[in-house]
Amino acid sequence: MHSDRKPFSLFIYLFITRYFEFLIYGVLKYRLLIGKEDKDRVLERKGIYKAKRPEGQLIWFNAASVGEVLSILQLIRLLSEKNKNLNFLITSTTLTSARMIANVAPKNCQHQFSPLDTFRATKSFLTHWKPNLAIFVESEFWPRLLLETKALNIPLGLINARIEEKSFNNWKKISQTANSVIRLFDFAFAQDHKTYKRLLSLGMSEDVLLGTFSLKSQAKKLGYDEIEFKKLKEFFRDRKIWVAASTHPGEEEILAKAQKKLYRSDKKYLLILVPRHPERGKLINKELVSMGQEIGIRSRNQEVNSRTEIYLADTLGELGLWYNLSDIVFLGGSIIDIGGHNPYEPCRFGAAIMHGPFIYNFQEIYDLLHSNGVSTMVEDSDSLVSQVKSLNQGKKASELGLKGLKLVNSLKDESKVMIKVINLFI
């Protein structure tokens, strides 16, 4: 590591993550017990690996969850086109992202769980994988991992960077530590203009911060099973479908109340409910049944009949299928304070968008959609009912969805600039 004197808060952090690793391993053990870690791969979190490092150059992307992982796949494909000999490693922390990437990763790319930010885990990770370039995605600033990487003279990049107001205010409280971490990067691209300004405020140089560009704005349309789509399209042909995607605890009850009101007014209404974390399916089903609603469950292959009010899509990797079945989509994580989820994905299927008030994770694109009349804010079950009914009038939903599709497709693609910069460091 660097020998220069470190800020006190950073010194304390590094001290704890070196000499009190057993406490962090205790947290890991607890996460394993409650099902938030993969029991077959938990050693990866400690820097112990079964997989071998591929021969040749290796670019390492460190992400967090599904959204970040999916956003870099197109970038990997574009980099591979320029250099057929490149290999890629993606690290992430969530079980969902690991399962997802297993189905979509190209042959020259493999996934591992991110190492804990402890002395032994980070050292072991870097010794084993020996990346030629490390690229951190969005807001995964792990101080020890960054410092250890930099100490080995491995170039560091930051792409799709996003710093929310709350995180920014927390970093400002330890501004010297923030400056020490931020200045480790050799190049960076912010996801939006607010993050761009915040990175500069925290000490990033304008020579390093090369512009704003969201990878998600240029990601490919989500894939889906064409046979399954035709089957479900026929199955639901007499129903008025609306989709609630990436929902969180606290939102399903509001959505279920809205669907109950819609179903009472017209038995054709059907809600396809897609929780952000499919493993919550059993709990959600229990809650919905207790509300007296008829549920069909995707993971159990249950069929839908005229009495079915909600189809619980508690499976992984089928979001494109659900988006393709309806012109009306509510995006979760927005009625409760999560910050909202990716609106680019349903827009690419020509869907009209509904969302709650908490959309700061994607504020700029939501502002653009809203200013063009493509998205609408809802706050409770009554406003959901009103909006779903409004969108079901004539071709209103499909017309708005087409407008959103054209808007998203018109966004400028800056990926060539990013690829050019990345190629300078490999």
TODO: Output, in order, the C-alpha distance, side-chain angles, deciding distance and verdict of side-chain contact (heavy atoms from CB on, under 4.5 Å) for Leu147 and Val181.
DONE: CA-CA 8 Å; Leu147 284 163; Val181 172; over 6 Å; no
Donor-acceptor side-chain pairing of [X] and [Y] below 3.5 angstrom:
X      : Y      : answer
Thr122 : Asp117 : no
Lys6   : Ser180 : no
Ser9   : Thr177 : yes
Thr91  : Gln112 : no
Arg162 : Thr195 : no
Thr308 : Glu294 : no
Ser415 : Gln218 : no
His193 : Arg198 : no
Asp192 : Ser214 : no
Glu164 : Ser167 : no

Is the [atom1] atom of [X] crowded by more than 12 outside heavy atoms at less than 6.0 Å?
X      : atom1 : result
His248 : NE2   : yes
Phe8   : CZ    : no
Lys197 : NZ    : no
Phe11  : CZ    : no
Glu279 : CD    : yes
Leu33  : CG    : yes
Lys194 : NZ    : no

- [ ] Determine the interplanar angle of the Phe15 and Tyr19 rings, folded into 0 to 90°, and report it as parallel if under 30°, tilted if 30 to 60°, perpendicular if over 60°.
- [x] tilted
Open item on the list: Students often mix this up, so state it plainly: with edges at 30° and 60°, are the rings of His111 and Phe113 parallel, tilted or perpendicular?
Closed with: perpendicular
Is it true that a side-chain atom of [X] and a backbone atom of [Y] form a donor plus acceptor pair closer than 3.5 Å?
X      : Y      : answer
Asn342 : Lys216 : no
Lys268 : Lys240 : no
Asn285 : Ile295 : no
Asp314 : Ser299 : yes
Asn160 : Leu215 : yes
Ser124 : Ala121 : no
Lys130 : Thr127 : yes

Any chance you could measure [X], atom [atom1], to [Y], atom [atom2], to the nearest 0.5 Å?
X      : Y      : atom1 : atom2 : value
Leu145 : Asn62  : CG    : CG    : 6.0 Å
Leu28  : Lys46  : CG    : NZ    : 6.0 Å
Leu271 : Leu262 : CG    : CG    : 9.0 Å
Gln74  : Asp413 : CD    : CG    : 8.5 Å
Leu283 : His277 : CG    : NE2   : 13.0 Å
Arg300 : Thr315 : CZ    : OG1   : 13.0 Å

Taking the ring of [Y] and the ring of [X], is the distance between their centroids below 6.0 Å?
X      : Y      : answer
Tyr269 : Tyr263 : no
Trp60  : Phe136 : yes
His341 : Phe362 : no
Phe236 : Tyr311 : yes

- [ ] Starting from the C-alpha separation in whole Å, work towards a yes-or-no answer on ring-ring contact (aromatic ring centres under 6.0 Å, His included) for Tyr366 and His355.
- [x] CA-CA 9 Å; Tyr366 272 117; His355 59 80; 4.8 Å; yes
- [ ] Give the intermediate values and the outcome of side-chain contact (heavy atoms from CB on, under 4.5 Å) for residues Phe61 and Ile159.
- [x] CA-CA 10 Å; Phe61 288 97; Ile159 61 173; 4.0 Å; yes
- [ ] Going by the side chain to side chain contact (heavy atoms under 4.5 Å, CB included) test, name the single residue among Ile335, Leu391, Val243, Val329 that passes it with Met354.
- [x]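 Between Met354 and the candidates, side chain to side chain contact (heavy atoms under 4.5 Å, CB included) is satisfied uniquely by Leu391.
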Nearest heavy-atom neighbours spanning [X] and [Y]:
X      : Y      : value
Ala161 : Leu199 : CB-CD1, 4.0 Å
Arg276 : Ser246 : NH1-OG, 3.4 Å
Tyr224 : Gly320 : CB-C, 3.9 Å
Gly356 : Phe330 : N-CE1, 3.9 Å
Gly404 : Cys347 : O-CB, 4.3 Å
Ser114 : Ala63  : OG-O, 4.1 Å

Open item on the list: Could you go through Val421 and Phe189, starting from their C-alpha distance and side-chain angles, then the distance that decides it, and tell me whether this counts as side-chain contact (heavy atoms from CB on, under 4.5 Å)?
Closed with: CA-CA 10 Å; Val421 171; Phe189 289 88; 3.9 Å; yes
Between [X] and [Y], is there a side-chain N and carboxylate O pair less than 4.0 Å apart?
X      : Y      : result
Lys257 : Glu253 : yes
Arg298 : Glu228 : yes
Glu252 : Arg280 : yes
Lys50  : Glu44  : no

TODO: Kindly write out the residues that satisfy side-chain contact (heavy atoms from CB on, under 4.5 Å) with Pro155, not counting sequence neighbours, or none if the list is empty.
DONE: Leu133, Asp186, Phe425
- [ ] For salt bridge (Lys or Arg N to Asp or Glu O under 4.0 Å), just list the numbers for Arg45 and Asp38, CA-CA rounded to whole Å, side-chain angles, deciding distance to a tenth of an Å, and then say yes or no.
- [x] CA-CA 10 Å; Arg45 302 283 272 144; Asp38 187 331; over 6 Å; no
Task: Under the ring pair (Phe, Tyr, Trp, His ring centres under 6.0 Å) test, residues paired with Phe213 that sit two or more places apart - done: none
Task: Contacts of type ring pair (Phe, Tyr, Trp, His ring centres under 6.0 Å), residue His128, not counting sequence neighbours - done: Tyr49
TODO: With side-chain contact (heavy atoms from CB on, under 4.5 Å) as the test, would you mind laying out the steps for Leu202 and Ile163 before giving the verdict?
DONE: CA-CA 11 Å; Leu202 291 173; Ile163 301 179; 4.0 Å; yes
